[in-house]
Structures are given as structure tokens and as C-alpha cells.
Amino acid sequence: MMMKKLALAIVGASTVGLSSLAAAEEFPTSVGTFDVSMTATLATDYIWRGQSQTAGAGAIQGSLDIAHESGLYIGTWASNVDSEWTGGSSVEIDYYVGYAGSITDDIGYDLSWNTYTYPKASDLTSKEVIASLNGYGFTVGTKYAYDPDSKLYTWIGYDYELPQEFGLHLAYGRTDNKDPIDATGSNAKYDDWSVGVSKNFIGLDFLLAYTDTDIKSGTCEAWYGDKDYCDTNVTLSVSKSF
């Protein structure tokens with residue numbers, strides 16, 4: 001089971017990939033079966049909660065995931081980012097460990113602990129716990145960042161199969177910053193949303209997605225030093241699984 005959704009984490013707004021390669025292999029052992037998965041992604045933009053993390057530029061990303069048949073998993077994920085807002089670091093490297101399981105045949109859950117790091121900018125390292133439920137096409141979840149700042153993110157997503165094997169993907173999320181996030185000492189709540197349409201064609205998974213937030217340009221510039229980080233985005237993902 002792939003625990004890191006790279007091509008598009010549309011339920012929380014993470015990444016839209018232009019080309020994604022994936023490999024997976026099962027390893028039976030005396031303590032159960034392990035699934036090892038690797039991904040490589042070329043993205044038109046790195047979108048996080050409706051905001052560009054690469055200032056509108058492309059991104060090269062990759063991950064390694066190891067999952068046990070019990071539901072336990074660990075993994076790491078990396079992407080280039082815009083160094084202007086990361087104190088000179090041009091790379092983000094994430095680490096996570098979690099457990100996924102099912103309550104019924106139709107309802108599942110996922111619990112994880114994540115660490116987000118930026119080499120050359122250690123003061124930006126953050127930690128977060130994530131919990132989500134999924135069933136009948138819906139996903140609801142919450143992410144709580146507790147170090148170094150306190151931040152709560154809640155979201156709801158919905159996936160629906162359209163005619164001709166197209167897929168519709170909808171998501172809405174809210175960020176609630178518990179601590180001041182800029183020089184003015186202000187706290188902030190803001191929303192992000194996304195709409196995506198996917199289609200498998202000639203063995204490739206295509207996804208066209210629209211993402212946006214309600215962050216005003218002046219607020220965006222105060223946070224990041226550049227109002228363009230919070231612009232509306234239309235991104236394309238073309239992925240291939242092996």
C-alpha cells in the first residue's frame with residue numbers, strides 16, 4: 001500500500017506531478033510480508049495547501065516506502081523547493097511512520113507521525129501528527145503540527161468515478177495557525193480547495209487539477225515575501241506505475 005501519495009495529494013493539497021515513475025516489490029519474511037515501493041516524480045509545481053513551494057517552477061521529487069502486511073509503514077519523501085523562503089535550503093526532506101488499517105470492508109483509517117526538514121535551514125524543521133478516515137469515496141482528516149509552531153489543518157476530500165472511466169477529485173481544507181506567523185505577530189486562518197479530473201490512457205494516469213486559497217495577495221507577501229506563492233494554480237500530472 002503506497003502511503004505517500006505523490007502524484008497529487010488532493011485531499012490536503014501537496015504535489016501535482018507531471019511524470020511519475022513507481023516501482024514496488026513484495027518480500028515474504030518470517031515476520032510477515034513487506035512491500036517496498038519507490039517513486040520518482042517530475043512536477044509542474046509543488047503545491048502545498050493551495051500554495052506553491054517552488055514559486056511556480058517545476059519540481060523533482062522522490063520517495064521510498066516500506067509497508068508491513070500488518071499495516072505498519074515507514075517512508076521518506078523529498079522535493080526541491082524555492083530557497084528564497086527556506087533560508088537558503090533548496091531541498092525538503094520528509095520522514096514518516098504510521099499505521100493504516102480498516103474498520104469495516106468499506107471504512108479505513110490512517111495514523112502517522114511526520115517530520116519535515118530543510119537542509120541548511122534547521123530552524124524550519126517541523127513535526128506533525130496526522131489522522132484520517134476514508135470510506136464510500138470520502139476522506140476526512142486532521143493534521144496537527146506541534147513543533148516548533150502549533151498549527152491545525154482539517155480537510156475533507158471526495159473521489160468519484162465519472163463515465164468513460166474519468167475520475168473526479170474534490171477537496172477542501174482549513175489551516176488554523178495557533179501561533180504568530182509573521183513579523184506583525186498575527187495569527188491566521190485560511191482555506192484551500194482543489195478540483196481535479198483524472199483519466200488512465202495508453203497506460204498512463206493523467207490528472208488535471210485546479211487549486212486555490214482565500215489568502216489575499218498582501219497577506220501572502222507578508223508571510224513569504226512574494227505574493228505569487230498563493231496564486232491560483234492549474235497543474236498537470238502524468239504518472240506511470242510499474
Side-chain angles (χ1 to χ4, degrees), residues 1-27 33-69 72-83 85-86 89-98 100 110 112-121 124-126 128 130 132 139 143 157 159 167 169 171 194 196-211 233-242:
M1 179 178 182
M2 289 297 297
M3 300 303 171
K4 190 70 175 181
K5 287 76 174 178
L6 275 179
L8 178 66
I10 204 162
V11 294
S14 174
T15 304
V16 178
L18 181 60
S19 178
S20 178
L21 304 178
E25 187 170 355
E26 290 187 351
F27 294 92
T33 300
F34 289 86
D35 180 86
V36 179
S37 304
M38 294 179 290
T39 66
T41 300
L42 175 63
T44 59
D45 202 343
Y46 174 6
I47 303 298
W48 178 82
R49 299 180 188 178
Q51 304 161 59
S52 174
Q53 304 298 285
T54 52
I60 298 174
Q61 302 161 335
S63 71
L64 171 65
D65 296 89
I66 303 174
H68 186 259
E69 63 180 352
L72 288 170
Y73 63 89
I74 60 173
T76 184
W77 179 88
S79 173
N80 63 292
V81 293
D82 181 29
S83 60
W85 71 270
T86 58
S89 179
S90 60
V91 178
E92 173 188 341
I93 303 175
D94 305 339
Y95 306 93
Y96 44 92
V97 58
D110 193 343
S112 67
W113 177 81
N114 295 36
T115 299
Y116 309 93
T117 68
Y118 302 86
K120 298 184 180 180
L124 293 179
T125 296
S126 62
E128 186 175 65
I130 304 173
S132 65
T139 299
K143 304 180 181 183
D159 300 312
H169 313 280
S194 56
V197 177
S198 63
K199 171 69 175 178
N200 182 276
F201 181 65
I202 60 172
L204 300 173
D205 294 315
F206 291 79
L207 175 62
L208 184 66
Y210 162 91
T211 59
N233 288 280
V234 177
T235 48
L236 176 66
S237 168
V238 183
S239 62
K240 174 69 176 179
S241 298
F242 295 87

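What you see is a predicted model; the values in this text were computed from it and never measured. What you see below is based on every heavy atom in this structure, not just the backbone, and it leaves out hydrogens, waters and symmetry mates.
Expressed to the nearest 0.5 Å, how far OG1 of Thr54 lies from CG of Asn80 amounts to 6.5 Å. Rounding to the nearest 0.5 Å places CZ of Phe27 at 9.0 Å from CG of Asp35. Rounded to the nearest 0.5 angstrom, Phe34 CZ and Glu69 CD are separated by 8.5 Å. Here the OH atom belonging to Tyr116 is positioned 6.0 Å from the CG atom belonging to Asp94, to the nearest 0.5 angstrom. Note that the CG atom of Asp65 and the OG1 atom of Thr76 stand 9.0 Å from one another [nearest 0.5 Å]. Summarising the geometry, atom OH belonging to Tyr73 is positioned 13.5 Å from atom CD1 belonging to Ile66; distances are rounded to the nearest 0.5 Å.
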Open item on the list: Before you tell me yes or no, could you show the steps for His169 and Leu207 under side-chain contact (heavy atoms from CB on, under 4.5 Å), namely the whole-Å CA-CA distance, both residues' side-chain angles and the distance that decides it to 0.1 Å?
Closed with: CA-CA 10 Å; His169 313 280; Leu207 175 62; 3.9 Å; yes
- [ ] Begin with the C-alpha distance, continue with both residues' side-chain angles, and end with the deciding distance and a verdict on side-chain hydrogen bond (donor to acceptor under 3.5 Å, both in side chains) for Thr235 and Asp45.
- [x] CA-CA 7 Å; Thr235 48; Asp45 202 343; over 6 Å; no
Task: Steps toward side-chain contact (heavy atoms from CB on, under 4.5 Å) verdict (Thr125, Thr115) - done: CA-CA 7 Å; Thr125 296; Thr115 299; 4.1 Å; yes
TODO: Begin from the C-alpha positions of Tyr46 and Thr41 and carry the test side-chain contact (heavy atoms from CB on, under 4.5 Å) through to its verdict.
DONE: CA-CA 11 Å; Tyr46 174 6; Thr41 300; over 6 Å; no
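Here the closest non-hydrogen pair linking Val91 and Pro119 is O-CD, 3.3 Å. Closest approach of Ser112 to Asn114, counting heavy atoms only: OG-OD1, 3.1 Å. Listed here is the closest heavy atom pair of Gly50 and Asn233: O-ND2, 3.9 Å. Contact detail for Val81 and Ser89: the closest heavy-atom pair is CG2-O, 3.7 Å. Ser194 and Thr211 get closest at one heavy-atom pair: CB-CG2, 3.6 Å. In terms of heavy-atom proximity, Tyr96 sits nearest to Leu64 at OH-O, 4.2 Å.
In this structure a side-chain-to-backbone donor-acceptor pair under 3.5 Å is present from Thr39 to Ser63.
Counting heavy-atom neighbours within 6.0 Å of Ile93 CD1, excluding the residue itself, gives a total above 12. Atom NZ of Lys120 sits in a sparse spot, with 12 or fewer heavy atoms from other residues, nucleotides or ligands closer than 6.0 Å.
For Asp82, the side chain to side chain donor-acceptor pair (under 3.5 Å) partners are Tyr229, not counting sequence neighbours. In this view, Thr117 satisfies the side chain to side chain donor-acceptor pair (under 3.5 Å) rule with no residue, not counting sequence neighbours.
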